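Per chain, numbering begins at 1; letters A, B, ... match sequence-line order. It should be emphasised that the depicted structure is a prediction, and the values quoted were computed from it without experimental measurement.
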Amino acid sequence: MPCKIVNNTLYLEGSLNAATIPALLEEVNSLLKHQNPNTIDLSGVTVLDSAGVAFLDEINIRLAAKGILLYQGVGDEIQEVMETFSSLKVKVPAPERKMGFFEQIGDSIVVAWNNFYNVMLLASEVFYWGLIGIFSRKGQRKGSFTIQCSLLGTQALPILSLLSFIVGFILSLQASVQLANFGANVFIADLMAFSMVREIAPLITAIIVAGRSGSAIASEIATMQVTEEIDALKVMALSPVRYVVVPKFLAITVVMPILVMFSILVSEIGGGIIAIDYLDLSVYTFVQRSINVLTIKDIVTSFGKSIIFAWTIVVIGTYCGFQVKGGAEGVGKATTSSVVASIFAVIIWDAIFSLLYL
Amino acid sequence: MEPVITIRNLTAQYGDLIVLENINADIYPGEITVILGGSGCGKTTLIKNILRLVEPVAGSVKFWGEEVLGLDDIQMANILRKVGMLFQSGALLNSLSIYENISIPLELHTKLPRSLIDRIIKVKLNLVNLSEALYKFPSELSGGMKKRAALARAMALDPQILFCDEPSAGLDPLTSAALDELILSLKKQLKMTIVVVTHELASIHRIADKIIFLEQGKMLFIGTLAEAQKAGIPQIDTFFEVGRF
């Protein structure tokens, strides 16, 4: 790139564009180490684009600080491009101040409290309209409950069955090796029934529902929020909670215990295969011991906590959906948050239930 | 003068539905070509087919005399580096600030130092009258602001060809007129070739060197605005007559 300094004038020639500027900048920098020209001659410049003007502005600021800087040989066209793309008169706002460490901690606490408060507020609204929804279908579309039962329940059955079977199979396999060492083969039925009914089936069902249905609820509501469908419902004098959330809330309340029951049965089949094949138990013994070991309290607790898990998943999914900000990225974030928060909340609930009904 | 874009017998379809049929057009350097037509006539599809965002089912598209329909991704990317596109929705990357959105092509396609990139970004945003949004995120901007930010990104590299899909939609008349002025100055000062899809009659009168009129996927006319108004094509006459008030 031809550039030279003669008689205190920096001569630039050829194209000054994004492709040529990096090399030219190095050359000019090396020339300016030893000399301070007071004029820039652009008579040899044939092409100038915004990168070229940014380069001239940079040189201008540097040289003008050391004295008066003039341009010469500037044609009309070059002059126009310089005027359009010059950054010298552009004013931009300063970036926002970043929060300090303690400010961030304080802010997180305030945000967490506000989130908790708002979740409780939403939960109360969902429960209120849910209760009303049992007796009155006003504000809900006809058939929405059935559709949601199918979406949240029937369609979750294949994946739930497969995973429950595998978990039952693995648990039974691991336990049977230890039990066989003590000759306590028959207790595999007790162990499977106890662990599946009281703990694993409700938990695994809740995790699958959180990952599958909770995320779907969050993304559906978030998309509706982003595309102003929620606002449209409000303008039509319809409660978004009543119209969108209540059918899901009622549906999941009904289908969750059924899913848990299904999970228990399928996982027992998985465990039974090991018990019968590996530990030589008869089918009758396995089934008989499994039934005998369980009490009504175990079953009621299992189904009861599964309903609490379901409500938690719906409320959190709904909250994350309503809180969405921005466009497509916001929808993704809301979905992820709903799954993480739901699984976390479900495990906390499970710990509480374990302590209460040991 | 050689055309920068040559389109021959371009046919596009979605499934079984033919959306563009035998489009033939030449787009010349330094000209502003406006693509017109009713909603759903295939204007945006035409641009997407030219840029191969959607693959045409038949025909030929040449950029600077080079056929692009058979090019692989790397060869096509070399062509697209010289092209800018303003999408109808803006299509800004939501996870990045406006500064970062405009910075992407400059960082990835040039070896310019950060200080110059910084200046270019600020100038481009200033040109679209959006300096205050420099550090904001797309979700914090209105629809019109997003569009202007997207235009700043589209012209970050001073492309030789700029495609604008409905740049004035959703903008107030003053901002729309200022945007037209900017398009005219890009054409004049940087000798940019610009292809614009728009319905705005005022905009068409201000900026169009040539118009392409589409109806139901077929090209009814290509030529200057004056020629179009004298051509005696009922659909074009109706378009201009109904749009006037």
So which of B/Leu127, B/Leu190, B/Leu186 actually passes side chain to side chain contact (heavy atoms under 4.5 Å, CB included) with A/Thr84?
B/Leu127
Hey, does the side chain of B/Asp158 reach the backbone of A/Ser50 with a donor-acceptor pair shorter than 3.5 angstrom?
yes
Interatomic distance, CD@B/Gln189 vs CE@A/Met82, rounded to 0.5 Å, equals 12.0 Å
Let me know if B/Ala133 has heavy atoms under 4.5 Å from chain A in its side chain, its backbone, both or neither.
neither
Nearest heavy atoms of A/Leu25 and B/Leu116, plus distance in Å:
CD2-CD1, 4.5 Å
Please report the closest heavy-atom contact between B/Ser115 and A/Glu58, naming both atoms and the distance.
OG-OE2, 2.8 Å
Taking every heavy-atom pair that is under 4.5 Å apart, which of B/Lys124, B/Glu140, B/Lys136, B/Met155 has the most such pairs with chain A?
B/Lys124
Do other residues, nucleotides or ligands put more than 12 heavy atoms under 6.0 Å from B/Ile74 CD1?
no
Only pairs of heavy atoms separated by less than 4.5 Å count here; which of B/Val123, B/Leu157, B/Leu93 has the most with chain A?
B/Val123
Chain B shares the most heavy-atom pairs under 4.5 Å, among A/Val90, A/Ile78, A/Leu88, A/Val53, with A/Val90
Do other residues, nucleotides or ligands put more than 12 heavy atoms under 6.0 Å from B/Asp172 CG?
yes
Side chain, backbone, both or neither: which part of B/Ser95 has a heavy atom under 4.5 Å from chain A?
both
Going by heavy atoms in the side chains, are A/Ile21 and B/Leu112 under 4.5 Å from each other?
yes
Salt bridge or not for A/Glu77 and B/Lys188, using N-O below 4.0 Å?
no
OH/B/Tyr28: more than 12 non-hydrogen atoms of other groups inside 6.0 Å
yes
Is the number of heavy atoms from other residues, nucleotides or ligands under 6.0 Å of A/Lys333 NZ greater than 12?
no
In terms of heavy-atom pairs under 4.5 Å with chain B, which of A/Gly330, A/Ser86, A/Pro22 leads?
A/Pro22
Taking atom CG as the centre, does A/Asp76 end up with more than 12 heavy-atom neighbours from other residues, nucleotides or ligands that are less than 6.0 angstrom away?
no
To the nearest 0.5 angstrom, please state how far the CG atom of A/Asp49 sits from the CE atom of B/Met192.
9.0 Å
Enclosure of B/Lys111 NZ (heavy-atom neighbours >12, cutoff 6.0 Å)
no
Scanning both residues in full, the closest heavy-atom pair of B/Ile120 with A/Ala54 reads CG1-CB, 3.7 Å
Would you find more than 12 non-hydrogen atoms of other residues, nucleotides or ligands less than 6.0 Å from B/Glu2 atom CD?
no
Judged by modelled atom types alone, do B/Ser131 and A/Lys91 share a side-chain donor-acceptor pair under 3.5 Å?
no
Side chain to side chain contact (heavy atoms under 4.5 Å, CB included), that's the test. Do B/Arg119 and A/Ile61 meet it? Break it down for me.
CA-CA 12 Å; B/Arg119 282 183 187 284; A/Ile61 288 171; 2.7 Å; yes
